Novice: 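Here it is, the structure in full.
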Amino acid sequence: MAVPKAVLAEAHKLRAEIERHNYHYYVLDQPVVSDAEFDRLFCKLQQLEHEHPELVDPESPTQRVGGSPQPEFRQVTHRTPMLSLNNAFSEEEVMAFDRRVRERLEVDRVEYLAEPKFDGLAISLTYEQGRFIRGATRGDGYTGEDVTPNLRTVRSIPLRLRGKAPPGLLEVRGEVLMYRRDFDSLNQRQRASDEKEFANPRNAAAGGLRQLDSRITAARALRFFAYGVGVIEGAAVPASHSAAEDWLQDLGLPVCQERRVVHAVQGLMRFYQRMGERRAGLHYEIDGVVYKVNSLAAQQRLGYVSRAPRFAIAHKFPAEEANTEVLAIEVQVGRTGALTPVARLAPVFVGGVTVTNATLHNEDELQRKDVRVGDSVIVRRAGDVIPEVVAVVRDKRPKHAIAFKMPMTCPVCGSAVVRLPDEAVARCSGGLICAAQRKQALLHFASRRAMDIEGLGEKLVDQLVDRDAVKTAADLYRMGLAAFAELERMAEKSAQNVLQAIERSKNTTLARFIFALGIRNVGEATAKELARHFGSLDRLMQADEEALRQVPDIGPVVAFSIAQFFAEAHNREVIEQMRACGVHWEESEPRVAASLGRLAGKAFVLTGTLPKLSRDEVKELIEAQGGKVAGSVSRKTDYVVAGAEAGAKLAKAEELGIPVLDEAGLLELLKGKR
DNA sequence: GATCCTCGAGTTCT
DNA sequence: CTCGAGGATC
């Protein structure tokens with residue numbers, strides 16, 4: 001049965017009106033009707049849709065209630081990566097940032113867009129032909145999770161863009177957050193229903209966004225603010241960042257009203273101070289301000305360094321500090337036997353979380369700060385993450401406060417504690433006798449960047465080691481289901497999951513395996529270098545210190561650590577056992593040794609962007625033939641490889657009369673045609 | 001021998 | 001994130 005024309009028109013009218021009010025409320029922050037009036041319109045539309053189910057449209061404002069739970073989140077790859085920003089903590093750092101920008105752009109004065117830095121979660125929204133089709137979390141910056149159903153429940157995110165001719169494709173970057181008042185009422189509800197309260201709005205928002213059941217998200221009252229554009233197709237690209245944000249606002253997306261175009265360091269510092277004053281009065285929490293070079297052409301010229309843009313910086317507010325008391329100072333034993341003093345603190349709420357522990361790093365550091373048990377101390381979260389004891393309040397020191405002394409013997413295994421004369425750390429000399437070191441070695445072995453055995457966490461390793469069920473990493477590969485049966489809190493299902501993860505880890509890479517061994521001074525980067533250089537584990541194991549030193553970035557100390565590790569019969573045995581259990585990887589030919597390649601002993605410096613090859617690819621090609629790639633030009637440099645937008649290094653090369661190659665020239669050289 | 005840079009290792013909380 | 005140490009460079 002067709003819906004009467006009049007009803008259809010009525011529904012359209014209501015939807016348009018509700019969307020207009022949403023726009024005024026969320027985007028312009030200037031509601032034109034009372035909440036009661038808005039509710040009345042909303043109810044009327046709901047009723048109409050209820051009476052005429054065929055009216056229901058997924059883009060109707062009534063459809064923001066969430067749907068049934070999904071089994072999991074899909075992974076989404078961002079078309080352009082969502083990078084993080086570098087931080088500045090002082091005026092000096094901001095001045096240095098501005099200076100770098102001016103030098104690179106060769107101008108005297110830069111126009112910036114300044115805005116608050118939201119303490120929320122970065123997300124990306126994709127609109128096709130003006131329709132909201134996908135929303136994703138930032139994730140690691142390259143891939144995130146598809147949270148579209150959850151974001152559909154966020155009322156300030158338009159399901160359709162305003163205007164007659166929306167762009168064919170638009171990817172909007174912005175932040176999801178929770179207003180303080182919504183956070184307070186959420187916690188009130190949690191309290192009332194005897195559920196766990198959230199520590200801060202950020203966590204509540206994060207929890208809300210990661211719900212598999214979007215109906216829960218809908219109940220969290222999340223907000224969204226846009227601050228950038230990832231991809232535009234089918235519309236003119238704005239000339240400046242501020243113009244882009246104005247345009248986003250015209251399209252119906254909420255953009256922060258505190259944003260300002262300012263000039264030079266003075267403008268930046270004025271904005272910083274102003275936001276510091278306004279901070280407490282805002283609806284949402286911010287942890288600093290962001291400055292972006294306003295001209296998009298200039299942004300492009302500035303480009304990126306590793307993972308962060310050179311055209312923007314986050315100027316953070318000073319970390320919040322709090323007072324608390326040192327209840328005890330305990331000692332932890334790390335993978336290498338390092339003894340680390342840790343302060344147990346009376347719980348204190350600082351920077352959005354309750355802190356109970358803080359590392360004191362080592363004996364010297366502890367002495368410098370002179371922290372004693374019973375002391376009253378000032379605590380902050382360094383870089384807003386890791387708790388740190390800033391200072392002791394000396395006036396409040398009780399008479400009985402006890403100074404800490406590093407134990408003479410290991411608190412875990414009783415072995416002697418040794419501190420080498422020119423080292424800062426004291427170490428347990430017990431080696432693998434020490435249960436703490438064995439546990440840490442296993443955790444390292446299983447960690448994500450090593451063998452990546454999911455589910456083999458601290459609790460499980462504690463039990464396995466305490467029961468002597470596992471002594472070495474090789475033992476992991478010889479465990480059956482039965483070994484888990486007697487463990488506490490281990491259901492058969494989760495035991496199977498761990499076994500499966502262990503099984504999966506057998507298929508690995510040489511670099512991961514070398515890293516997993518936990519050789520002293522051999523981290524991820526060195527392990528990769530070793531794998532590339534030797535190509536096979538046997539060749540690595542047979543290498544003497546002399547041969548090891550040929551590997552870039554390996555000097556006498558690291559070479560000694562590696563040789564010593566493989567000289568140990570026990571270590572060789574464990575490796576053999578693992579190989580016998582089926583741990584395997586692909587081996588390759590050893591890379592041409594530096595003294596043999598065509599480019600042996602030649603030093604290269606790369607600058608600018610080459611048309612086809614990436615920096616890493618070029619580096620690999622040069623190193624494959626025994627050449628070296630250095631960071632800066634000096635008299636020792638043999639060639640400079642320059643691409644587009646080459647900078648000071650090219651100038652220096654010309655000054656010193658060093659041959660400069662372009663990509664084609666480099667390729668010819670590599671092929672031996674020169 | 002001094003200095004810059006990168007890597008390794010240890011750490012917190014959700 | 002922060003510190004310390006190792007390596008490379010001048």
Side-chain angles (χ1 to χ4, degrees), chain A residues 84 86-87 89 121 196-210 305-306 316 319 330-345 347-366 368-369 379-390 419-427 436-437 439-441 443-444 447 449-450 457-458 514-515 517-530 548-562 603 605 628-637 652 656:
Chain A
S84 47
N86 282 326
N87 291 319
F89 294 93
L121 299 121
K196 218 177 120 237
E197 290 181 52
F198 293 94
N200 53 56
R202 190 182 185 282
N203 286 354
L209 202 58
R210 296 205 73 259
V305 233
S306 66
K316 298 291 217 61
E330 288 171 13
V331 174
Q332 283 179 5
V333 184
R335 171 166 67 87
T336 62
L339 299 190
T340 311
V342 177
R344 305 280 172 224
L345 306 167
V348 60
F349 192 76
V350 53
V353 294
T354 305
V355 168
T356 54
N357 300 313
T359 175
L360 297 165
H361 295 115
N362 57 51
E363 229 175 335
D364 294 350
E365 172 87 6
L366 202 157
R368 224 173 298 141
K369 289 181 177 165
V379 181
R380 76 166 166 221
R381 296 219 296 154
D384 272 344
V385 185
I386 295 173
E388 164 186 59
V389 173
V390 182
R419 181 173 167 189
L420 296 176
D422 43 358
E423 281 199 348
V425 282
R427 290 197 149 85
Q437 291 187 51
K439 284 176 188 174
Q440 293 298 323
L443 284 171
H444 171 80
S447 66
R449 307 174 111 111
E458 202 178 329
I514 294 170
F515 176 54
L517 292 174
I519 302 166
R520 183 82 82 80
N521 299 316
V522 176
E524 218 182 345
T526 311
K528 270 191 194 143
E529 203 58 55
L530 288 168
L548 288 164
R549 269 207 304 269
Q550 302 306 313
V551 183
D553 296 330
I554 291 184
V557 176
V558 180
F560 176 74
S561 300
I562 299 168
V605 172
K628 269 175 137 184
V629 176
S632 56
V633 180
S634 71
R635 273 178 297 278
K636 288 188 193 165
T637 308
K652 181 138 188 212
L656 295 172

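All values reported here derive from a predicted model rather than from experimental measurement. Every chain is numbered from 1 and lettered A, B, ... according to where its sequence line falls, protein lines coming before strand lines.
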Novice: Just verifying a value: how many Å separate Thr340(A) OG1 and Leu360(A) CG, rounded to the nearest 0.5 Å?
Specialist: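 Rounded to the nearest 0.5 Å, the OG1-CG separation comes to 10.0 Å.
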Novice: If you look at every strand shown and take non-hydrogen atoms under 4.0 Å, does Glu365(A) touch a base, only sugar-phosphate, or nothing?
Specialist: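 Answer is nothing: Glu365(A) stays at 4.0 Å or more from every strand.
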Novice: Using atom CG of Leu420(A) as one end and atom P of dG4(C) as the other, report the distance to the nearest whole Å.
Specialist: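 Distance, rounded to whole Å: 16 Å.
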Novice: As an exercise, state the distance from NE2 of His444(A) to CG of Leu517(A), rounded to the nearest 0.5 Å.
Specialist: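 Going from the NE2 atom of His444(A) to the CG atom of Leu517(A) covers 8.0 Å.
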Novice: Out of dG4(C), dG6(C), dC7(B), which has the shortest distance to the side chain of Ala525(A)?
Specialist: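 Of the options given, the side chain of Ala525(A) lies nearest dC7(B).
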Novice: So which protein N/O to nucleotides 4-6 of chain B N/O distances come out below 3.5 Å?
Specialist:
none

Novice: Quick one: Phe560(A) CZ to dG6(C) P, roughly how many Å, whole number?
Specialist: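 Atom CZ in Phe560(A) sits about 12 Å away from atom P in dG6(C).
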Novice: How many whole angstroms separate atom CG of Leu360(A) from atom C1' of dT2(C)?
Specialist: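 Checked: the CG to C1' distance equals 14 Å.
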Novice: So, taking the atom named CZ in Arg344(A) and the one named CD in Glu330(A), what distance separates them when rounded to the nearest 0.5 Å?
Specialist: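 Output value for this atom pair is 4.0 Å.
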Novice: Over how many whole Å does the gap from Glu388(A) atom CD to dC1(C) atom P extend?
Specialist: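 Whole-Å distance recorded here is 13 Å.
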Novice: Output one line per pair: protein atom, nucleotide atom from nucleotides 10-14 of chain B, and distance, for all N/O pairs under 3.5 Å.
Specialist:
{"unit_1": "dG10(B)", "atom_1": "OP1", "unit_2": "Thr336(A)", "atom_2": "N", "d": "3.2"}
{"unit_1": "dG10(B)", "atom_1": "OP1", "unit_2": "Thr336(A)", "atom_2": "OG1", "d": "2.6"}
{"unit_1": "dG10(B)", "atom_1": "O3'", "unit_2": "Thr340(A)", "atom_2": "OG1", "d": "3.3"}
{"unit_1": "dT11(B)", "atom_1": "OP1", "unit_2": "Gln332(A)", "atom_2": "OE1", "d": "2.9"}
{"unit_1": "dT11(B)", "atom_1": "OP1", "unit_2": "Thr340(A)", "atom_2": "OG1", "d": "3.1"}
{"unit_1": "dC13(B)", "atom_1": "OP1", "unit_2": "Thr356(A)", "atom_2": "N", "d": "2.9"}
{"unit_1": "dC13(B)", "atom_1": "OP1", "unit_2": "Thr356(A)", "atom_2": "OG1", "d": "3.3"}
{"unit_1": "dC13(B)", "atom_1": "OP1", "unit_2": "Asn357(A)", "atom_2": "N", "d": "3.1"}
{"unit_1": "dC13(B)", "atom_1": "OP2", "unit_2": "Asn357(A)", "atom_2": "ND2", "d": "3.1"}

Novice: Tell me: CZ of Arg549(A) to P of dG6(C), nearest whole Å?
Specialist: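 So the two atoms are 15 Å apart, to the nearest Å.
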Novice: To the nearest Å, how far apart are Arg520(A) CZ and dA9(B) P?
Specialist: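 Taking CZ of Arg520(A) and P of dA9(B), I get 8 Å after rounding.
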Novice: Quickly work out the Ile519(A) CD1 to dG8(B) C1' distance and round it to whole Å.
Specialist: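 Nearest whole value for this atom pair: 13 Å.
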Novice: Identify all stems in which DNA chain B takes part, counting only runs of at least 3 consecutive pairs (Watson-Crick or G-U wobble, each distance under 3.5 Å), and give each as one range with another, ordered by first number.
Specialist: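 The stems are B:1-10 with C:1-10.
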Novice: Would you find a donor on one side and an acceptor on the other, under 3.5 Å apart, between the side chain of Ser561(A) and the backbone of Val557(A)?
Specialist: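 Looks like yes, one N/O pair under 3.5 Å.
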Novice: Mark yes or no for whether Arg427(A), through its side chain, and Arg419(A), through its backbone, hold a donor-acceptor pair below 3.5 Å.
Specialist: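 Answer holds: no.
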Novice: Whether the side chain of Lys439(A) engages the backbone of Glu458(A) through a donor-acceptor N/O pair (distance < 3.5 Å, no angle test) should be reported.
Specialist: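 Checked: no pair found.
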